[in-house]
Amino acid sequence: MLGIQPTAQLTSWLVTGRILFITIHLLGVACFAYIVARRLVPLARAECDLRFDHPWMRLGRVGKYWLGQWKHPRYKLAGALHIFIFAGFIVLAIRAFSVLIVGVSENFVMPGLSGRAGPIYDIITDYAATIVFLCMVIAVIRRLVFKPARYAVPARYGKAHTADAIFLLSLIAILMVADSLFAAAQAAAQSHSGQSVETLAAFSLPWILQKILVSTPLPALGRLYFGAYLVHELTFYFLLCYRPFGIQFHVETSLFNIYFAKLDREILKPVRWGVPDEHLDQVKSFGVKSFEDFTWKHMLDFYSCADCGRCSDNCPANAVGRPLSPRFIGIKARDYAFQHYPVLGRAQNGTALIGNKGAGGLYSEDEIWSCTTCGACEEECPLLVEYIDKIVDLRRGMVDDGNVPQSLQKPLKALESRGNPYGKLEKKKADWANAKEFQQVCPVRTLGKTNGAGTLYFVDSITSYDDRMQSIGRATAKILNHVGENFGILGAAERDSGHEVRRFGEETLFMALRDHNVDAIKSSGVRRIVTADPHAYNALKHDYKDVPPVEHISQVIAREVKAGKIRFNPVVSKNAVYTYHDPCYLGRHNQIYDDPRDVLDAVPGLKRVEMARCRDRSFCCGGGGLMLFYEPKEDQRMGVKRVQMAAEAGANVIVTACPFCMANMEDAIKVAGFEGKMEAIDLAELVDQQIKGG
Ligand code: SF4
Ligand code: SF4
C-alpha cells in the first residue's frame with residue numbers, strides 16, 4: 001500500500017514488528033506503573049490533608065492554572081516557551097497515542113479522525129511537533145549560552161541541574177524528530193510509489209524532512225520508516241519511565257497538584273487536619289519533624305516542582321543572602337523522598353529533618369527561621385506549590401522540641417506573661433490615646449460594658465507601645481473621628497493579635513492570645529473592626545473565628561474619599577516624589593492593592609511613581625512581628641534593598657500602610673545612607689497631614 005511495509009508487518013531478527021512493539025508497550029506501561037506506585041509509597045505514609053472539597057472550583061483552577069498556564073507569562077520568554085511546549089504536548093498527546101497503536105495495528109485510526117478532521121489534525125500536529133522541537137532548541141541554547149541566573153544552583157545546595165535539563169530537552173527533541181521522520185518517510189514512500197501523498201504542513205519539520213528524503217530509494221525509506229518508529233517508541237517509554245526520577249515528574253503530577261492546591265492561601269494550615277483546637281492537647285507531637293510528618297499534598301508539591309527557580313528568584317530572603325531558597329526546600333525534600341523511598345529496595349523512614357548536614361539533617365534551623373512568610377514564592381509558582389504552611393509546620397516541630405532562636409525567647413515569654421512582645425504593662429496599652437493633649441484633639445474611648453461603640457479600632461502591640469508607631473495610632477483615630485465613626489479601643493483588654501506568634505510555630509500561645517481577644521471583642525459588643533496593622537488585619541480576618549467583619553484603615557479611607565467625606569489639601573512640596581510599598585499582609589495575602597493607591601492619587605499635586613517590584617511582586621521590608629526580634633545571617637537587610645528600589649524608581653517618599661514596614665523602612669533609610677534625602681510615612685499619617693478640615 002505504501003511502497004514500504006507497515007511497522008506491524010515488518011520482520012526483523014525473526015520477530016514481527018507487531019510482537020516487538022506489543023512487547024515494548026507492555027514493558028513500558030508496566031515499568032511506568034511500577035515506578036509511579038513506588039513514588040506513591042511516601043504519600044500513603046504521610047499525614048492527612050483535607051483537599052477533596054469544592055470539586056468544581058478546583059476543576060476551574062485546573063482550567064486556569066494548568067490548561068490556561070495562567071502564571072507562566074509572568075516570565076515572558078520562559079513563559080511563552082512553556083506555553084508553546086505545553087500546547088504542543090496537548091495536541092501531540094492524541095497523535096502519540098495513535099502512533100503507538102499503529103505500531104501493532106497498521107490500519108488504526110483514532111475515533112473522530114477518520115473523516116475530514118484527520119488531515120486537519122495531521123497538519124496541526126505537524127506544526128505542533130515543529131514548534132515543540134524549536135522550543136527545545138531555544139531552551140537548550142538558553143540553558144547553555146544565556147544561563148539565566150535563577151537556574152543556578154548555589155554550592156551549598158549541590159551540583160548544577162543543567163546536564164539533567166539538557167538531557168531531558170534533548171530527549172523531547174529526539175521524540176519530535178523521530179515522529180516527524182516517521183511521517184516524512186511515509187509521505188516520501190507514497191510519492192515514490194505514485195500513490196496519493198498524505199499532505200504534510202508546509203514548512204513544518206515533517207515537510208522539510210520529506211523534501212530531503214524525496215530522492216531516497218524505497219528500501220532505505222522503509223528502514224528509515226521502521227527505525228524512526230522504533231526510536232520514537234523507545235524514546236517515548238524511556239521518557240515516561242525516566243520522568244519520575246527528576247523534575248520532569250511534574251508533567252504527570254502538576255494537574256493533580258493544581259487540582260488539590262489550597263483554595264484559601266491566606267488561611268494557615270491547622271496543626272493537624274481533622275483535629276479541632278479543643279482536642280489539640282491530645283496530639284502527641286506538633287508540626288513536622290520527620291519527612292513522614294508532611295502531608296501527602298506537601299509531598300505531591302515536592303514531586304511537582306519544575307525547578308524553574310521563580311520562587312527563589314522572588315524570595316526576599318534569598319535575595320539578601322539569608323540561608324533560604326524556597327526552591328531548595330522543595331528540591332531537597334524531593335531528593336530525600338527519592339533516596340529514602342527508592343524505586344528498587346526498601347524504604348527507610350523516620351530521619352529528623354532539622355539539623356546540620358553531617359547529622360543527616362535536611363534543613364538548617366536558620367533556613368527555616370529565615371522566612372518572613374511574605375508569600376512571594378507562592379504568588380510566583382506556576383504550579384501552585386505551597387511553602388508557608390510547610391515552613392510553619394517545620395517551625396511548629398522545632399518549637400515543640402524547645403528549639404527556638406535565642407533572640408526570640410524573650411519576646412515569646414513576654415507575650416505569654418504580658419500579652420505583648422515588649423513585656424510592657426497591659427495598663428499602659430492605651431497611654432498613646434489617653435494622653436491629655438491628644439484627648440483634647442481626638443477623644444478616644446476605651447470600650448467597656450457601659451461604654452460601647454459600633455466600631456473597634458484594634459491597635460495591636462507595636463502601635464500601642466512603640467513611641468514612633470503611636471503616631472500611626474493617633475492618625476488612624478483622627479481619621480475615624482473625622483469621618484464620624486463611633487469607635488473605641490480595647491485598651492488593657494487587648495492582647496497582641498498573635499499573628500506572628502502563629503507563623504513562628506507557637507500555636508498554643510497563639511490560641512491563648514486569640515481566645516483572650518475574641519472574648520474581649522465579643523464583650524465589647526462592636527459590630528465591625530478597623531485596624532491599621534495588616535498583620536492584625538490578617539489575623540482577625542483569617543486566623544480568628546466568630547469576630548465581626550474587619551477592615552484595614554486604607555479601605556475605610558478609600559471609601560470615604562469616594563463618598564466625599566475625606567478631601568485633601570494639595571501637596572506643598574514640589575520636589576516630593578512618592579512611591580507606595582505594598583505590605584505583604586495587605587497586598588499579596590489579602591489583595592488590597594488599589595485602595596491605598598487610590599487614596600494617594602486623590603491627593604492634589606501628589607506625584608507618585610511605582611517601584612519595579614510592586615503589587616503582587618512587592619518586596620518584603622524584612623518582616624513584621626517577631627521578625628523584628630530575629631537576627632538572621634544575611635548579606636544585606638531586606639529593607640535596605642527595598643529603599644534602594646524606591647530610589648531607583650526616582651522616589652524620595654515611601655508610603656506604606658503597616659507599622660512594621662515603617663519600622664523597617666525608617667531603619668533602612670538610615671543604613672542605606674539616604675537620611676535627609678528620603679523619608680517614610682504611613683498612609684494614615686499622610687492622610688492625617690493632608691486632610692481638609694483635619
Ligand atoms: S514566604 Fe517569602 S521569605 Fe518565605 S520562602 Fe517564600 S518568598 Fe521566601
Ligand atoms: S516551587 Fe514552583 S516556582 Fe519554585 S522552582 Fe518549583 S515550580 Fe518553580
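Read the numbers this way: they start at 1 and go in the same order the structure lists the ligands and their atoms. Computed from heavy atoms alone, side chains included, the values below leave out hydrogens, waters and symmetry copies.
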Solution key, residues 390-397 side-chain donor-acceptor pairs under 3.5 Å, sequence neighbours excluded:
from: K390; atom 1: NZ; to: D301; atom 2: OD2; distance (Å): 2.8
from: K390; atom 1: NZ; to: E386; atom 2: O; distance (Å): 2.2
from: D393; atom 1: OD1; to: R396; atom 2: NH1; distance (Å): 3.2
from: D393; atom 1: OD2; to: K269; atom 2: NZ; distance (Å): 2.9
from: R395; atom 1: NE; to: I368; atom 2: O; distance (Å): 3.0
from: R395; atom 1: NH1; to: R503; atom 2: O; distance (Å): 2.8
from: R395; atom 1: NH2; to: I368; atom 2: O; distance (Å): 3.0
from: R395; atom 1: NH2; to: W369; atom 2: O; distance (Å): 3.4
from: R395; atom 1: NH2; to: C371; atom 2: O; distance (Å): 2.6
from: R396; atom 1: NH1; to: K269; atom 2: O; distance (Å): 3.1
from: R396; atom 1: NH1; to: P270; atom 2: O; distance (Å): 3.4
from: R396; atom 1: NH2; to: K269; atom 2: O; distance (Å): 3.0
from: R396; atom 1: NH2; to: E507; atom 2: OE1; distance (Å): 3.1

- Task: Would you confirm whether the ring centroid of Y341 sits within less than 6.0 angstrom of the ring centroid of Y336?
- Result: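 Here the rings of Y341 and Y336 have centres that are no less than 6.0 Å from each other.
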For the pair [X] and [Y], name the ring-plane relationship: parallel under 30°, tilted 30 to 60°, perpendicular over 60°.
{"X": "Y585", "Y": "H535", "answer": "tilted"}
{"X": "F291", "Y": "F294", "answer": "perpendicular"}
{"X": "Y537", "Y": "H552", "answer": "perpendicular"}

Short N-O contact, [X] and [Y], less than 4.0 angstrom:
{"X": "R617", "Y": "D582", "answer": "no"}
{"X": "D389", "Y": "K262", "answer": "yes"}
{"X": "D366", "Y": "R322", "answer": "no"}

- Answer yes if the side chains of R642 and S618 hold a donor-acceptor pair under 3.5 Å, and no otherwise.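 Yes, S618 and R642 have a side-chain donor paired with an acceptor closer than 3.5 Å.
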- Task: Assess C381: does it contribute an N, O or S atom lying under 2.8 Å from atom 2 (Fe) of ligand 2?
- Result: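 An N, O or S atom of C381 is closer than 2.8 Å to atom 2 (Fe) of ligand 2, so yes.
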- Message: Give me the nearest non-hydrogen protein atom to atom 8 (Fe) of ligand 2 as residue plus atom name, then the distance to 0.1 Å.
- Response: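 Residue, atom and distance for the closest contact: C308 SG, 2.2 Å.
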- Item | Nearest neighbour in protein (non-hydrogen) for atom 6 (Fe) of ligand 2 |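 Going by distance alone, atom 6 (Fe) of ligand 2 is nearest to C305 SG, 2.3 Å.
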- Item | Ligand-side contact atoms (ligand 2) for residue partner A306, heavy atom cut-off under 4.0 Å |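 This gives 6 (Fe), 7 (S) as the contact atoms.
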- Item | Proximal ligand 2 atoms for G309, defined as those under 4.0 Å from one of its heavy atoms |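 Going through ligand 2 atom by atom, the ones under 4.0 Å from G309 are 5 (S), 8 (Fe).
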- Message: If I only include protein atoms of type N, O or S, how many are less than 2.8 Å from atom 6 (Fe) of ligand 1?
- Response: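 Every protein N, O or S atom under 2.8 Å from atom 6 (Fe) of ligand 1 counted, the figure is 1.
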- Query: If you measure from each heavy atom of G330 to ligand 2, is any distance below 4.0 Å?
  - Reply: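 Per 4.0 Å heavy-atom rule, G330 does not contact ligand 2.
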